[in-house]
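Okay, so here's the structure we're looking at.
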Number of protein chains: 2
Amino acid sequence: MNYSVSEENYIKAIYNLNGNKQPVSTNALADIMATKPASVTDMLKKLKTKKLIIYQPYQGCKLSAEGVKVALNIVRRHRLWEYFLAEKLKFEWNEIHVIAEELEHVSNPKLIERLDEYLGFPRFDPHGDPIPDHEGKMQMLKQVKLTQLPLHTPAKVSGLTDQSTDMLELLRHSNICIGTDVEINRKFGFDHSVEIKIPGNPLFIISEQAAQHILVHHE
Amino acid sequence: MNYSVSEENYIKAIYNLNGNKQPVSTNALADIMATKPASVTDMLKKLKTKKLIIYQPYQGCKLSAEGVKVALNIVRRHRLWEYFLAEKLKFEWNEIHVIAEELEHVSNPKLIERLDEYLGFPRFDPHGDPIPDHEGKMQMLKQVKLTQLPLHTPAKVSGLTDQSTDMLELLRHSNICIGTDVEINRKFGFDHSVEIKIPGNPLFIISEQAAQHILVHHE
DNA sequence: AATATTTTTTAGATTTACCTAAAAATAAAT
DNA sequence: ATTTATTTTTAGGTAAATCTAAAAAATATT
Ligand SMILES: [Mn+2]
Ligand SMILES: [Mn+2]
Ligand SMILES: [Mn+2]
Ligand SMILES: [Mn+2]
């Protein structure tokens, strides 16, 4: 099957709202899609007839098994293009998302397989999110929030729970990227801010608010 | 300005029918766009109000100066992506066109400039067609048919006037691609076939029929 | 010049993806 | 248990891009 750009964006939005697990409300979807609830209802009816979602009026919607498959494919395309943009075209990691929003809809299957191969089958995108393989499987890491990392324990930044422009700006200013080695040098009880050590960089402090959105993994 | 995929495809089609020089008929356009003349008329009215074409009912259409600019930009994107697909993703030259048809509409200007840079500012696409630079300028080669290349004159294959599957098969069998260095070693008066020399390859003969569709440039 | 043919445009519909305003269903508060 | 507020759906409409069928204009043929 082949889906319109609009259908694909809805499917991906439902997936991003955890619609493969819990029901997603019409309003939540309208909010994310920057559209009106009435438009969402129209689209939900359409996606239901295409058997991509499970939907009963007033009950919210969830992705069907087929819907999850379609969603994972879009996510795969999105993240592979993000990797390409960052790795090959040297875009900053905060610039890549908008461009990948467009590229993800170019749906030639052979193109994506060749791109994957060309990139060396990366398993994580530049934001640390896992890239589904051609079967939709993706590798998960056991991550902890930076706020919960024990003192003096070397770890690697592997994800972000806030990927807003403001957050990315802050991180770039602090020289933190996905893959950066970090360690907590000190924790401040007053505001729960943490002092970070990055090899080769001077020590610096980050707020609890920021640190709780930075995921790391260690051992 | 930002144009729809449909508008862009029409502009490019007009350009490909030499609509920057001669008027293009409604039927010719309908033919190329695989649509009905009535639909073409609708679109021509729209492109006229956007000042991309010069159009009077029953008189055909031509691109305006702005229309040519837009067209060259689409052609630039198309050919850069074709180069990427062939050079980096190792697609065959006959597979790349359809994919580039989609990619050309991803219209982030910085993306295209970065891609151009990443590819090393190529000036010709894998079919030998010139790639407009960011200002719309493109380098033209004085090409001659291989049949008209003088004996023992080193030249480079730079274009094809027949891009059929059969032609490709023949060329691939003979190790001829765009950019291949060739030289005519001998011409046979009987059937006007020519013996070709490619550095590092054994000599071989090609028919006049094939040779007249291969464009080369020399000096 | 009159007629026939081809080309192009208009008229009127359809589909997709939106919208606003109002009605209906659900959830929360009294 | 009512009333009130929130959420969601229906009803009806718009704009883009297509279509078919019919009318009009331009060309070609007698
Ligand atoms: Mn998108
Ligand atoms: Mn990402
Ligand atoms: Mn196209
Ligand atoms: Mn080409």
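In what follows, every chain begins at residue 1, and chains take the letters A, B, ... in the order their sequences are listed.
Side-chain contact annotation: A:His78 with A:Glu82, donor-acceptor N/O pair under 3.5 Å present.
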Given salt bridge (Lys or Arg N to Asp or Glu O under 4.0 Å), test B:Arg76 with B:Glu135 step by step and report yes or no.
-> CA-CA 10 Å; B:Arg76 168 169 167 75; B:Glu135 282 175 326; over 6 Å; no
Please step through salt bridge (Lys or Arg N to Asp or Glu O under 4.0 Å) for the pair B:Glu117 and A:Lys90, ending with a clear verdict.
-> CA-CA 11 Å; B:Glu117 187 183 346; A:Lys90 307 296 178 198; over 6 Å; no
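The shortest distance between the side-chain N/O atoms of A:Ser6 and the OP1/OP2 oxygens of C:dC18 is below 4.0 Å. A close approach under 4.0 Å does not occur between any side-chain nitrogen or oxygen of B:Thr35 and OP1 or OP2 of D:dT18. Side-chain N/O atoms of B:Lys45 include one lying less than 4.0 angstrom from OP1 or OP2 on C:dT10. At the phosphate of D:dT20, OP1 or OP2 sits under 4.0 Å from a side-chain N or O atom of B:Lys36.
Whole-Å rounding puts the B:Leu47 CG to C:dT9 P distance at 13 Å. Straight-line distance from the OH atom of B:Tyr10 to the C1' atom of D:dA16: 12 Å, rounded to whole Å. Summarising the geometry, the separation between OH on A:Tyr3 and C1' on C:dT16 is reported as 17 Å, rounded to the nearest angstrom. Protein atom CG of A:Leu44 is 16 Å distant from nucleotide atom C1' of C:dT16, rounded to whole Å. With rounding to whole Å, B:Lys50 atom NZ is found 14 Å from D:dA15 atom P. Rounding to whole angstrom units, CG of residue A:Asp42 and P of C:dT15 are separated by 15 Å.
Applying the side-chain contact (heavy atoms from CB on, under 4.5 Å) rule to B:Ala211 yields the partners B:Leu146, B:Thr147, B:Val194, B:Ile206; only residues at least two apart in sequence or on another chain are considered.
Judged by the 6.0 Å distance and 45° axis criteria, A:Lys88 is positioned over the aromatic ring of A:Tyr118.
Classification of the A:Trp81-B:Phe84 ring pair by plane angle, with boundaries at 30° and 60°, yields tilted.
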What string of B, S and - do you get for nucleotides 3-8 of chain D, 5' to 3', when a contact is any protein heavy atom under 4.0 Å?
-> ----SB
